Amino acid sequence: MLCFLSDYTEGAHPKVLAHLMERNLVSLPGYGEDADTEAAKEKIRRECGRDDLQICFLTGGTQTNRIAISSMLRSYEGVVCAETGHIAVHESGAIESSGHKVIALPGHDGKLRAEDLAALMEGYLADDTREHMVRPGMVYITYPTELGTLYTRAELTALAETCKKYGLPLYLDGARLGYGLMSPLSELTLRDIVELTDLFYIGGTKVGALCGEALIYTKHNMPSHFMAIIKQQGALLAKTRVVSQQFDALFTDGLYREIGSHAIGLAMRMKEMFRAKGYELYIDSPTNQQFFILTWEQIERLRKYAAFEIWARLDERRAAVRFVTSWATTEQQLDELESVL
């Protein structure tokens, strides 16, 4: 059975596993106070072009989102995102369970628009009853979005300027950041993201690691006593090395970029395969998530050969489906898929 369900259905890139094995019997202090963790941080700082970034390593995306958001908000504040944002639809109320409302605005191909954010803030500030309301306290976006789309540099700049105008930290969820950055349509680099956001994370779980995300505060704005904040939420790893060593491997000899490029190349081939067979695109994604419109009959037939996700029911006859490529996807797998389309 071919598998295109997601980009974390396999274990880890062999080079990541090899580095873990190489360092496995080295005795190191716990809780991220070790030389390997510092080495990984330094490699990320070099890639980002800043030697003053504050970085911590966590194990998963939902955990990282909850900690990052709750650490930046006051008790009466909420976080703004597009209505399709991951924290709004696919995190089981993790943000709300921390005591913070998710304030969803209309999404445009999965993206949040600066003008919608400005309208929200102007409406809030003009409301005489705002002291009885949840105050918008920060903004959450993803790159790529849940629909595989990308912010242009102009769009992200406009959002950043709007956030700055209203005093809102801008947080970028980079669970699939490697695939976004390596898309041929990407206008952004890691250095742009450092410049334009207040905090973001580099995803490892979906980009070649067994697990792990690197949360980065870009403006000397990591909350004080951050280790205690992490520990209170049950997220402090004694063996932080297990995550940081994976990032050390991912940011050695361009592996992170290589993984992104590999998946993007195969995703573009997959898109053209479906188009050539007469299938319609649900959205034209330039990243490793590809969305197609299939009839239910086509879905049932393809399910005999491949695993993929039903993304949205469109009507009684059709649905949108998602196919995802990763570091582990091969040309042979696409050959096999093409033969059954």
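If you're wondering where the values come from, they're calculated on a predicted model, not measured in any experiment.
Here the closest non-hydrogen pair linking G148 and T287 is O-OG1, 2.8 Å. The nearest pair of heavy atoms linking A82 to G110 is CB-O, 4.0 Å. In terms of heavy-atom proximity, A94 sits nearest to T62 at CB-CG2, 3.6 Å.
A donor-acceptor contact closer than 3.5 angstrom is absent between the side chains of T37 and Q245. No side-chain N or O of T59 forms a donor-acceptor pair with one of E213 less than 3.5 Å apart. Side-chain polar atoms of S97 and R66 form a donor-acceptor pair below 3.5 angstrom. Between the side chains of T240 and S244, not a single donor N or O lies within less than 3.5 Å of an accepting N or O. Inspection of the K43 and T252 side chains reveals an N or O donor paired with an N or O acceptor under 3.5 Å. Defined by atom type and a distance below 3.5 Å, a donor-acceptor pair is missing between the side-chain atoms of T84 and E146. Of the N and O atoms on the side chains of Q290 and R322, not one donor lies less than 3.5 Å from an acceptor on the other residue. Using a 3.5 Å distance cut-off with no hydrogens or angles, the side chains of H220 and D52 do pair a donor with an acceptor.
The closest donor-acceptor contact from the side chain of K271 to the backbone of S285 lies under 3.5 Å. Panel note: side chain K206, backbone Y8; no donor-acceptor pair is recorded below 3.5 Å. With hydrogens and angles disregarded, a donor-acceptor distance shorter than 3.5 Å links the side chain of Q54 to the backbone of M222. Listed for the S186 side chain is no donor-acceptor partner under 3.5 Å among the backbone atoms of S183. Of the possible polar contacts, one joining the S326 side chain to the A328 backbone as a donor-acceptor pair under 3.5 Å is found.
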Expected list for residues 17-33: side-chain donor-acceptor pairs under 3.5 angstrom, two or more places apart:
from: R23; atom 1: NE; to: D36; atom 2: OD2; distance (Å): 2.8
from: R23; atom 1: NH2; to: D36; atom 2: OD1; distance (Å): 2.8
from: R23; atom 1: NH2; to: D36; atom 2: OD2; distance (Å): 3.3

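A salt bridge links K111 with E155: at least one charged nitrogen is closer than 4.0 Å to a carboxylate oxygen. The pair R275-E272 meets the salt-bridge criterion, with a side-chain N (NZ, NE, NH1 or NH2) lying under 4.0 Å from an Asp/Glu carboxylate O.
Between the CD atom in E161 and the CG atom in L117 there is a gap of 12.5 Å [rounded to 0.5 Å]. In this structure, OG on S70 lies 5.5 Å from NE2 on H100, to the nearest 0.5 angstrom. Taking CZ from F226 and SG from C56, the interatomic distance works out to 4.5 Å, rounded to the nearest 0.5 Å. For the atom pair L150 CG and D109 CG, the distance stands at 11.0 Å (nearest 0.5 Å). Rounded to the nearest 0.5 angstrom, L58 CG and I67 CD1 are separated by 5.0 Å. Summarising the geometry, atom NZ belonging to K231 is positioned 11.0 Å from atom CG belonging to L237; distances are rounded to the nearest 0.5 Å.
Applying the salt bridge (Lys or Arg N to Asp or Glu O under 4.0 Å) rule to E47 yields the partners R257; only residues at least two apart in sequence or on another chain are considered. Every residue two or more places apart in sequence or in another chain was checked for a salt bridge (Lys or Arg N to Asp or Glu O under 4.0 Å) with K15, and none qualifies. Listed by chain and number, the residues in a salt bridge (Lys or Arg N to Asp or Glu O under 4.0 Å) with D315 are R318 (sequence neighbours excluded). For E42, the side-chain contact (heavy atoms from CB on, under 4.5 Å) test picks out E38, R45, R46, with sequence neighbours left out. The salt bridge (Lys or Arg N to Asp or Glu O under 4.0 Å) check on R303 picks up E300, with sequence neighbours excluded.
Within 6.0 Å of OH on Y217 lie more than 12 heavy atoms contributed by other residues, nucleotides or ligands. More than 12 heavy-atom neighbours from other residues, nucleotides or ligands sit within 6.0 angstrom of NZ on K277. Residue E316 qualifies as open at atom CD: its count of foreign heavy atoms under 6.0 Å is 12 or below. When the shell of 6.0 Å around CZ of R313 is examined, it contains more than 12 heavy atoms from other residues, nucleotides or ligands.
Between F247 and I44, the closest side-chain pair of non-hydrogen atoms falls below 4.5 Å. Residues L53 and T218 form a side-chain contact, since some pair of their non-hydrogen atoms from C-beta on lies under 4.5 Å apart. Annotation: side chain of L120 is in contact with side chain of V80 (closest heavy-atom distance under 4.5 Å). L156 has its side chain within reach of L188: a pair of non-hydrogen atoms, C-beta onward, lies under 4.5 Å apart. Residues C81 and I103 are not in side-chain contact: their nearest non-hydrogen atoms beyond the backbone lie 4.5 Å or more apart. By the 4.5 Å heavy-atom criterion applied to side chains, M121 and K165 are not counted as neighbours. In this structure, the side chains of H108 and D116 come closer than 4.5 Å at one or more pairs of heavy atoms. The side-chain heavy atoms of I87 and V79, taken from C-beta on, include a pair separated by under 4.5 Å.
Using bins of under 30°, 30° to 60° and over 60° for the plane-to-plane angle, the ring pair H90/W311 lands in the perpendicular bin.
Note on residues 148-192: pairs passing ring pair (Phe, Tyr, Trp, His ring centres under 6.0 Å), not counting sequence neighbours, are Y140-Y171. Applying the salt bridge (Lys or Arg N to Asp or Glu O under 4.0 Å) definition to pairs two or more places apart or across chains, none involves residues 233-244. A side-chain hydrogen bond (donor to acceptor under 3.5 Å, both in side chains) check over residues 192-204, counting only residues at least two apart or in different chains, returns the pairs R153-D192, R153-E195, D173-Y201, T189-D192. The salt bridge (Lys or Arg N to Asp or Glu O under 4.0 Å) analysis of residues 120-135, with sequence neighbours excluded, yields the pairs E77-R135. Within the structure, the salt bridge (Lys or Arg N to Asp or Glu O under 4.0 Å) test picks out the following pairs touching residues 329-341 (sequence neighbours left out): R269-E331, R269-D335, R269-E338.
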Apply side-chain contact (heavy atoms from CB on, under 4.5 Å) to I202 and L190, showing your working.
CA-CA 9 Å; I202 298 174; L190 268 176; 4.2 Å; yes
Quick one, T325 with Q333, criterion side-chain hydrogen bond (donor to acceptor under 3.5 Å, both in side chains). Give me CA distance, side-chain angles, the key distance, then yes/no.
CA-CA 10 Å; T325 60; Q333 288 171 334; over 6 Å; no
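Applying the 4.5 Å side-chain rule to ILVMFWY residues, one finds L2, L266, M270, M273, F274, Y279, L281, F292, L294, W296, I299, L302, Y305, F308, I310, V321, F323, L334, L337, V340, L341 in the same cluster as F4.
In summary, the aromatic rings of W327 and H262 are positioned with their centroids too far apart to meet the 6.0 Å limit.
Both L199 and I95 are assigned to one and the same hydrophobic cluster, defined by single-linkage of ILVMFWY side chains at heavy-atom distances under 4.5 Å.
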